[in-house]
Amino acid sequence: MDKLLITGNGPLKGEVRISGAKNAALPSLAATILASEEVHLTNMPMVRDINTMCALLGELGFGVKKGNEEVFVFGAGISSHIAPYQLVKTMRASILTLGPLLARLGRARVSLPGGCAIGERPVDQHLKALEKMGAEIVIEHGYIDARVSRLKGADILFDTVTVTGTENIMMAATLAEGTTSLFNAAMEPEIVDLAELLNKMGARIEGQGTQHIVIHGVERLHGAEHHIIPDRIETGTYVCAAAITRGHVAITGARPLHLRKFLETMENARLPFEAGADTIEVKPHEGLLARDIETQPHPGFPTDMQAQYMAVMTQAKGRSLITETIFENRFMHVGELNRMGAHIKIQGHTAITTGITPLSGAQVMATDLRASASLVVAALVADGDTLIDRIYHLDRGYHRLEEKLGRINALVRRVE
Ligand code: EPZ
């Protein structure tokens with residue numbers, strides 16, 4: 001199994017270009033199920049999860065052609081309604097095929113995603129909404145089996161804000177009979193990007209980016225071309241990498257507006273940076289101040305930045321309270337950071353980080369995608385070598401990480 005060897009090497013410097021957003025690219029690939037014509041997606045991050053979703057589309061009978069950061073999907077040949085366990089178990093986002101399959105074929109059989117390292121992560125809101133739209137759903141042998149002659153528009157109130165739940169029902173509603181209203185919908189930029197693609201395919205969606213989304217069902221959708229938005233979490237991760245090393249890094253091809261709460265927090269922590277329309281220039285500094293955060297759905301502080309931010313707070317002056325409100329078990333990185341010399345205590349859903357503590361290189365274990373990113377950020381300032389195991393977690397969501405870090409003066413290499 002591959003590992004990543006990182007040696008602390010002083011301030012990062014140079015330019016790094018952001019790739020397309022994994023969490024926008026995945027639902028966009030699922031949306032191609034809704035059309036029988038070609039959909040062309042550009043600015044695609046060719047990470048492991050994208051390959052898994054492309055393999056899933058192939059299983060369903062779609063023609064998929066991958067190029068340099070682009071994917072072509074040909075939907076005419078759909079031949080199956082089954083998303084098998086073998087693929088779903090490696091990527092929960094496979095659940096995003098449920099709504100489109102049901103809407104297009106009136107039938108879907110999708111392996112029920114199990115729990116994951118960061119939480120139980122049920123999909124009850126997805127199923128409840130589809131039932132409200134007329135679907136008959138049974139769970140048997142580990143699969144969700146759904147049938148409907150045609151979905152009907154309905155008023156859907158989500159009991160909890162769910163990103164993929166909003167995306168799944170928004171996609172399903174595009175081909176439903178009548179109008180669907182989503183209340184307490186998620187407002188993430190990835191949902192807005194997906195709605196833009198769907199509208200290019202002939203859907204009629206309004207209100208994306210607000211808590212109330214309205215979808216007027218249409219008879220059919222057609223092909224389209226769409227450029228995926230930049231990855232705001234990858235962007236935030238590189239801001240953290242530059243900040244923790246007190247480096248000078250220009251982050252390009254980004255969309256700072258999508259990261260407002262995080263950037264506001266970094267500013268309060270006294271990180272000097274300049275944000276333009278699509279760039280963030282992080283500047284050298286003499287030291288950061290500890291600042292508390294609480295993760296919230298967008299536009300609040302993103303849970304996917306919590307772990308990387310915690311690594312930075314180990315090098316900030318004072319005590320910071322980091323409260324995780326979205327997932328019940330998203331502190332797996334704490335033990336590993338403490339093994340590197342950090343002082344972090346967990347009390348309930350809050351981690352109390354005391355800085356500044358010198359970090360030393362160690363052998364550590366990645367447990368999930370963002371936890372592994374926080375270990376990378378910490379290793380950049382640790383004394384000596386850090387060897388990160390199970391980096392397949394990183395490969396799921398970070399495009400060309402070693403190459404990009406290597407270009408900005410980090411000493412990083414993959415060891416088999
Ligand atoms: C999306 O996951 C992202 N994944 C996650 O990113 C991200 O952490 C999360 O949203 C929150 O921002 C993708 O977009 C592919 P949720 P999702 O449904 O949609 C509960 C990464 O690192 N809930 O918004 O699965 C759930 O348990 C990944 O890139 C229900 O109770 O998250 C959680 O506590 C990790 N019932 C909360 O809602 C449901 O039916 C939010 O989950 C659905 C969700």
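When a residue number appears, it is its place in the shown sequence, counting from 1. Order of listing sets the numbers, starting from 1, for every ligand and every atom in it. All of these numbers come straight from a predicted model, not from anything done at the bench.
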Q) Nearest non-hydrogen atom to atom 2 (O) of ligand 1 belongs to which of Arg121, Arg396, Arg92, Glu120? A) Arg121
Q | Arg414 with Asp395: basic N within carboxylate O range, under 4.0 Å | A | yes
Q. Can Arg260 and Glu264 be counted as an ion pair, charged N to O under 4.0 angstrom?
A. no
Q) If you measure from each heavy atom of Arg330 to ligand 1, is any distance below 4.0 Å? A) yes
Q) With sequence neighbours left out, which residue pairs that include part of residues 78-99 fulfil the salt bridge (charged side-chain N to carboxylate O under 4.0 Å, His left out) condition? A) none
(Q) For the aromatic rings, using the six-membered ring if either is Trp, is the centroid distance between Tyr143 and Tyr85 under 6.0 Å? (A) no
Q. Of all the heavy atoms in Leu96, does at least one lie under 4.0 Å from an atom in ligand 1?
A. no
**Q.** Nearest non-hydrogen protein atom, atom 9 (C) of ligand 1
**A.** Phe327 CZ, 3.9 Å
Q | Contact atoms of ligand 1, heavy-atom distance to Thr303 under 4.0 Å | A | 8 (O), 11 (C), 12 (O)
Q | Any donor-acceptor pair under 3.5 Å from Thr279 side chain to Ala275 backbone | A | no
**Q.** Residues Lys404, Glu234: salt bridge by 4.0 Å N-O rule
**A.** yes
Q. Would you call Lys22 a ligand 1 contact, heavy-atom distance under 4.0 Å?
A. yes
(Q) Counting non-hydrogen protein atoms only, what is the nearest one to atom 31 (O) of ligand 1? Give residue, atom name and distance. (A) Pro122 CG, 3.4 Å
**Q.** Under 3.5 Å: N/O of Glu167 near N/O of ligand 1
**A.** no
Q: Run the numbers for me: atoms of ligand 1, each under 4.0 Å from some heavy atom of Val123, listed by number.
A: 39 (C), 40 (O)
Q) Among protein heavy atoms, which lies nearest atom 1 (C) of ligand 1, and at what distance? A) Val163 CB, 3.9 Å
**Q.** Nearest-contact summary for atom 28 (C) of ligand 1 - protein heavy atom, Å
**A.** Asp304 OD2, 3.8 Å
Q: Give the atoms of ligand 1, by number and element, whose distance to some non-hydrogen atom of His126 is under 4.0 Å.
A: 40 (O)
(Q) Give me the residue, atom name and distance of the protein heavy atom closest to atom 40 (O) of ligand 1. (A) Gln125 N, 2.8 Å
(Q) So, applying side chain to side chain contact (heavy atoms under 4.5 Å, CB included) with Leu60, which one of Ile82, Ile33, Thr32 is it? (A) Ile33
Q: Note the single closest protein heavy atom to atom 19 (O) of ligand 1, along with its residue, its atom name and the distance in Å.
A: Thr164 OG1, 2.6 Å
Q. For ligand 1, which atoms, with element, lie under 4.0 Å from some heavy atom of Ile326?
A. 33 (C), 34 (O), 41 (C)
Q. Of the choices Thr160, Leu194, Asp368, Leu26, which has the non-hydrogen atom that lies closest to atom 23 (N) of ligand 1?
A. Thr160
**Q.** For atom 36 (N) of ligand 1, closest protein heavy-atom neighbour
**A.** Asp124 OD1, 2.7 Å
Q: For residues 331-341, pull every pair meeting salt bridge (charged side-chain N to carboxylate O under 4.0 Å, His left out), keeping only residues two or more places apart or in separate chains.
A: Glu336-Arg339
(Q) Looking only at protein heavy atoms, which one is nearest to atom 3 (C) of ligand 1, and what is the separation? (A) Asn23 ND2, 3.8 Å
Q | Lys/Arg N to Asp/Glu carboxylate O, Asp155 vs Lys132, below 4.0 Å | A | no
